[in-house]
Amino acid sequence: MDSTPMKAPAQRASLRGQHSRVLEELGSEICSGRLAPEQVITLEEMETRYGVSRSVARETIRVLESMRLVISRRRVGVVVLPPEEWNLFDPQIIHWRLASADRVSQLESLVELRTAIEPEAARLAATRASSAEVSDLIGLAGQLWAAGEEGDADRFLALDVKFHAAVLTYSGNPMFSRLDSLIGEILVSRTEYGLVPERPDPVALQRHVDVANAIQRRDPEVAHATMRSILVQTISEIGTLAAGADEAS
C-alpha cells in the first residue's frame, strides 16, 4: 500500500510550523530594532540560520512584505523598512512591538488610539444597536462584572475582549467593527505583560456596566463619556504599574 498520501498532511504541518517559527523570530527582531532599517536579509542567510528550505524562507518574506516590514529590492535582497512604513494596525505587529523593551510607550499610544475610537463607537451603538444586540451587551457587562468581582482573571479577559468587540460591532460602523482583533490584541498583551491590576478596579467594572446601561437607555452622550472614562483610567493604570515595575527592578 502506498503510504505517500499519509505523509503529506504531516509534511504540510511541519512546513507551517517552520514558517511560523521563522516569521515569529524575524518579525520580533524587526519590531524590537534588533534588525535595523535598511539592514539586508538574504534568502541564503535565512536558510542557513533557521535550517529551512528556500520555499519556507520565501513564504516568510511574502508575509513580512504584506505587513510592510520588509521590501524586496532587485540585486540587493530583502531590506528592512523603517517603522513609519509598517502596517501598525496588524495585530501581529502590535504583538511584536509590545514584546519589545519599549512596550509601555507602545501600549500607551495604542490606548490613546482606543480613546479616539471606542467612545464614538459607544455613542453610535446607543442609537443604532438592535434590541437583541443591547440585550447581549447587557449580559456581557454583567458577566464581566461578576468575573472581575470573583477574581477570575482568565474569564475576565475573555469577556473584556468580547465586550469591547461587541461595542465596536454594535456601532453599526463596519470600519469600527474591523478593529476588534486589534483591540483584542491590545487587551491580551496588556495582561500578558503584567500591565493590569491584580484584580480589576471596582470603579472600572461598574463603568462597563454603565456603558451597557447607557446604550440600553439610548443615551449616546453618557455612553460616550463613560467609555472614555474607562480608557482614561486605563492610561493612568498603565503609567502607575510601569513606574512600580521600574522601581522594583
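Hydrogens, waters and symmetry mates are skipped; everything else that's a heavy atom, side chains included, is used.
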Closest heavy-atom pair and its distance - [X], [Y]:
| X | Y | result |
| --- | --- | --- |
| A166 | L137 | CB-CD1, 3.9 Å |
| I61 | S72 | CG2-OG, 4.0 Å |
| C31 | S100 | O-CB, 4.4 Å |
| P220 | R218 | CD-O, 3.2 Å |
| P119 | L231 | CD-CD1, 3.9 Å |
| I183 | H164 | CG2-CB, 4.2 Å |

I would like to know whether Y170 and L124 meet side-chain contact (heavy atoms from CB on, under 4.5 Å); could you show each step before the answer? CA-CA 8 Å; Y170 299 160; L124 292 173; over 6 Å; no
What's the spacing between [X] [atom1] and [Y] [atom2] if we round to 0.5 Å?
| X | Y | atom1 | atom2 | answer |
| --- | --- | --- | --- | --- |
| S28 | R34 | OG | CZ | 6.5 Å |
| N213 | I138 | CG | CD1 | 4.5 Å |
| L187 | E192 | CG | CD | 12.5 Å |
| L157 | T191 | CG | OG1 | 4.5 Å |
| I117 | F176 | CD1 | CZ | 6.5 Å |
| L107 | S105 | CG | OG | 9.0 Å |

Among residues two or more places apart or on two chains, list those pairs meeting salt bridge (Lys or Arg N to Asp or Glu O under 4.0 Å) that have a residue in [range].
| range | answer |
| --- | --- |
| residues 198-217 | none |
| residues 122-138 | E120-R123 |
| residues 91-114 | R114-E118 |

Using the test side chain to side chain contact (heavy atoms under 4.5 Å, CB included), find all partners of [X] that sit at least two apart in sequence or belong to another chain.
| X | result |
| --- | --- |
| A146 | E150 |
| V40 | T42, V76, V79 |
| L110 | I94, L98, I186 |
| V22 | L26, M46, Y50, V52, T60 |

Residues forming a salt bridge (Lys or Arg N to Asp or Glu O under 4.0 Å) with [X], sequence neighbours excluded:
| X | result |
| --- | --- |
| E38 | R73 |
| E59 | R62 |
| R155 | none |
| E185 | none |

Step by step, work out the salt bridge (charged side-chain N to carboxylate O under 4.0 Å, His left out) result for E237 and R190. CA-CA 11 Å; E237 285 178 350; R190 184 187 171 202; 2.6 Å; yes
Test of understanding: clusters of I, L, V, M, F, W, Y form through side-chain heavy atoms closer than 4.5 Å, transitively. Do [X] and [Y] belong to the same one?
| X | Y | answer |
| --- | --- | --- |
| I30 | L88 | yes |
| I238 | V232 | no |
| V80 | L23 | yes |
| V134 | V222 | no |
| V70 | L35 | yes |

Quick one: does I93's side chain get under 4.5 Å of L69's, heavy atoms only?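 Of all side-chain heavy-atom pairs linking L69 with I93, at least one is under 4.5 Å.
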Could you check if a side-chain atom of P37 sits within less than 4.5 angstrom of a side-chain atom of P83, using non-hydrogen atoms only? yes
Is the side chain of T226 donor-acceptor paired with the backbone N or O of A223 at a distance under 3.5 Å, no angle test?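 Not a single qualifying donor-acceptor pair exists.
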Which pairs with one or both residues in residues 74-89 pass side-chain hydrogen bond (donor to acceptor under 3.5 Å, both in side chains), sequence neighbours excluded?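 Every side-chain hydrogen bond (donor to acceptor under 3.5 Å, both in side chains) pair that includes a residue of residues 74-89, provided the two are not neighbours, is R68-E85.
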Under a plain distance cut-off of 3.5 Å, with no hydrogens placed, do E24 and W96 share a side-chain donor-acceptor pair?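 Side chains of W96 and E24: pair found under 3.5 Å.
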Should L113 and F89 be marked as a side-chain contact (heavy atoms from CB on, under 4.5 Å) after you check the CA-CA gap, both sets of side-chain angles, and the distance that decides it? CA-CA 11 Å; L113 173 66; F89 291 97; 3.6 Å; yes
